[in-house]
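Below is one structure, written out as structure tokens, with a few remarks after it.
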2 protein chains.
Amino acid sequence: MDRDETDKDDAVSAHERPTLKTLAFMTGLGVTTVSRALKDAPEIGAETRRRVQLVARQIGYRPNRAGVRLRTGKTNVISLVLNTEREIMSFVSDIIYGVSEVIADTPYHLIVTPYSRSQDPLDPVKYLVETGSADGVIISRTQPNDPRARYMLERGIPFATHGRTDMGLVHPYHDFDNYAFAAEAVRHLAGIGRRRLALVTPPVGLTYYGHTVNGFADALGEVDASEVRFNTVSIDQSIDQIRTRTAQLMRREVRPDGFVSSAAAATLAIVAGIEDAGLKLGRDVDVVSKQSSELLHLFRRELLVVNEDFRLAGTELARAVLGWIGGAAPGSLQTVVKPGEVLSYRG
Amino acid sequence: MDRDETDKDDAVSAHERPTLKTLAFMTGLGVTTVSRALKDAPEIGAETRRRVQLVARQIGYRPNRAGVRLRTGKTNVISLVLNTEREIMSFVSDIIYGVSEVIADTPYHLIVTPYSRSQDPLDPVKYLVETGSADGVIISRTQPNDPRARYMLERGIPFATHGRTDMGLVHPYHDFDNYAFAAEAVRHLAGIGRRRLALVTPPVGLTYYGHTVNGFADALGEVDASEVRFNTVSIDQSIDQIRTRTAQLMRREVRPDGFVSSAAAATLAIVAGIEDAGLKLGRDVDVVSKQSSELLHLFRRELLVVNEDFRLAGTELARAVLGWIGGAAPGSLQTVVKPGEVLSYRG
DNA sequence: TCAATATACTGAAACGTTACAGATTGCCAA
DNA sequence: TTGGCAATCTGTAACGTTTCAGTATATTGA
């Protein structure tokens, strides 16, 4: 016969994980009372409350997530929805770290929900909502008219977008002011005498594509400089493509003497392309680039950079979603961060 | 009175999520039968089985995770445990993508469990095990005598380590052959005439520190070259520190004419340090570096690189954990990937 | 004194799933 | 005919939690 297993019902066996039942047995109270005592319900006596909480802490009680989830529907999960294919040299880790930092002292877990190029970006969001797998969702690669945001708004599930939408619908977001970035970059280049500027745009279709293009165009109107069209290139393309196209462009008669680049990886390719064409950075052409980790100055000292903090994006997005879940007004959970100034590492 | 809510018991109201009860009602069977039919249990008639599965597919039935988890203890969750502070320019996203790819067509979710520098690395693992939050765990920054691996082995929870341990205990792992990398790098440098080699090591304490150091030392014994000690530097340090130290080293009388670097970010700093000292890459000194994304050749064409595929690491680690969960022998789930050859982009 | 009320606590039910221990039916051997 | 058995199917309980509808006991108001 077994001699390790204790008797039939609710004996508190040595190393099982404690449940409310365990606590109830230890305190001599009912499970209901214990449950309420742990969440500071008002109808529980002050002393009982303290006693229960003490015992709970002593034996390391942790509520069973499945139990809570089954009963209440609350998952205590935030999902970060990510495209697994684009965005080389990716900022993804920074966002994850930022989100993690915020949810570290909450009961929330972070799940990563990927989708691939071939899929409809709506799929993973639908999955999450239909299966009730998360209390809140964070999405990126936001579009002006974003079906995912619309969908979640309809279903009433809290979410935050990395980047803004433009649908006349209110929801939390965090965004970097790419309009200001592009405009500032243009002004800076004009300020150092550059007159023919090219823009390496964000992926067409995303909201910040428009912001960037507008900032670029508007600032061009203010200064004594003109645009050299470089429409065929966006940062979503491969390094090799960007490099080749840049080299082609720089061999033309009318070539840019300044670039504005929306991403560090693209900048590497642009510089390579410039040099392929036999030109020299800082002499023949200047490049202003966004970067998310401070490494570009090591690449070429002549690069002009503006930092974008993706870890901050992560923390803000997490705060926004948690805020919405916590009942805050979605409209109050919108942040746009201004770019810092254009940094130079020359001399 | 409400007119939207249907009558009391088990009416199948329009847009509630279907459960086994819904299916039971629709098929006219009992919940037990439906449950078993869905998992192809042998005691269910073939036709019934097909019928249930058809209906389930039609109405988009998805098992409720909380229900399954509460009943069976199975979480259908894999946790990736990450240090949130080290590893700039991080490979983290690649690993995540790799893991995601593998679990995409399984019921598993991926949760990211972070820990910070100040914490004991054992904490997050303890948390996961004690709260039963995952069926399997993936850890990185593996040490020869790794308390986390030991702990999980004791508790019998499936896991895989990125990097090997050296405790005489058997568990799944995936590793890059850093011994071979370092040795190959030394041979390559010796082959192009470099005689005084310095090693920028992985973080002291991690298993692959030892592998790298040994590979470096053993290969030095084979070729006509010697080591220039550069002990104070590992890839865990800040970019600025590495750069400064490298510059100092390169200004000494006896300076290295070759470097072996274990990480791309460190390599950027090393090259910067070399150039700070007024020396030229490819002429005065050569650097062989590992890289996880193919960008270093854009940085300096003279760099010699060996690629390490972290996405592969992710897929292998995920496969290993799933394999163990699925009952495979842990000893059969160990992979070491050989480095490719040293690549040059000159001429 | 008695009813009303506040205080502190409690059992039962339910969330969706699976495991256990049957129940029903038809078929075959004896 | 009947007992046995295989083939199918089913109800109940349990996982741990919270909510609902109470139940006791003490306290108050008249």
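The chains referred to below are lettered A, B, ... by the order of the sequence lines, with proteins before strands, and numbering in each begins at 1.
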Exercise. If you count the non-hydrogen atoms of other residues, nucleotides and ligands that lie under 6.0 Å from NZ in A:K74, is the total more than 12?
Worked result: yes
Exercise. Nearest of D:dT19, D:dT18, C:dT18 to any side-chain atom of B:V68?
Worked result: C:dT18
Seminar exercise, completed: Atom CG of A:D40 and atom P of D:dT18 are separated, to the nearest Å, by 13 Å
For this session: Using only side-chain N and O atoms of A:T48, determine if any of them is under 4.0 Å from OP1 or OP2 of C:dC9.
Result: yes
Exercise. What does B:R65 touch in the nucleic acid at a heavy-atom separation under 4.0 angstrom: a base, only the sugar-phosphate, or nothing?
Worked result: nothing
Exercise. Tell me, do B:L80 and B:H162 make a side-chain contact under 4.5 Å, heavy atoms counted?
Worked result: no
Problem set entry | Whole-Å gap separating P (C:dT18) and NZ (B:K21) | 16 Å
Exercise. If you look at every strand shown and take non-hydrogen atoms under 4.0 Å, does B:T19 touch a base, only sugar-phosphate, or nothing?
Worked result: sugar-phosphate
For this session: Would you please confirm or rule out a distance under 4.0 Å between OP1 or OP2 of D:dG11 and any side-chain N or O of B:T32?
Result: no
For this session: Rounded to the nearest angstrom, tell me the gap between atom CG in A:N64 and atom P in C:dC15.
Result: 18 Å
Exercise. Above 12 or not: heavy atoms from other molecules or residues under 6.0 Å from CD of A:E47?
Worked result: no
Exercise. Contact class for B:G67 vs. all strands (heavy atom < 4.0 Å): base, sugar-phosphate, or nothing?
Worked result: base
For this session: Determine the contact category for A:G132: base if any of its heavy atoms lies under 4.0 Å from a base atom, sugar-phosphate if only primed atoms, P, OP1 or OP2 are that close, otherwise nothing.
Result: nothing
Problem set entry | side chain to side chain donor-acceptor pair (under 3.5 Å) partner of A:T165, the single match among A:H171, A:R148, A:R150, A:Q143 | A:H171
Exercise. Given the side-chain rings of A:F159 and A:H174, with only the six-membered ring counted for Trp, is the space between their centroids under 6.0 Å?
Worked result: no
Seminar exercise, completed: Rounded to whole Å, CZ of B:R36 lies from C1' of D:dG11 at a distance of 12 Å
Exercise. In whole angstrom, what separates A:E43's CD from D:dT18's C1'?
Worked result: 12 Å
Problem set entry | Strand contacts (DNA chain C) in residues 69-78 of chain A, 4.0 angstrom heavy-atom criterion | A:L70, A:R71
Problem set entry | Rounded interatomic separation in angstrom, taking CG from A:L23 and P from D:dT17 | 8 Å
Seminar exercise, completed: When A:D120, A:N83, A:L82 are each screened for side chain to side chain contact (heavy atoms under 4.5 Å, CB included) with A:Y115, the one that passes is A:N83
Exercise. Quick one: B:L20 CG to D:dG11 C1', roughly how many Å, whole number?
Worked result: 15 Å
Exercise. Between atom CG in B:L29 and atom P in C:dT24, what is the gap in whole Å?
Worked result: 17 Å
Exercise. Which sits closer to the 5' end of DNA chain C, A:V31 or B:V31, going by the nucleotide each is nearest to?
Worked result: A:V31
For this session: Please determine which of B:V52, B:L20, B:V34 meets the side chain to side chain contact (heavy atoms under 4.5 Å, CB included) test together with B:Y61.
Result: B:L20
Problem set entry | Distance test, side-chain N/O of A:T33 to OP1/OP2 of C:dT10, below 4.0 Å | yes
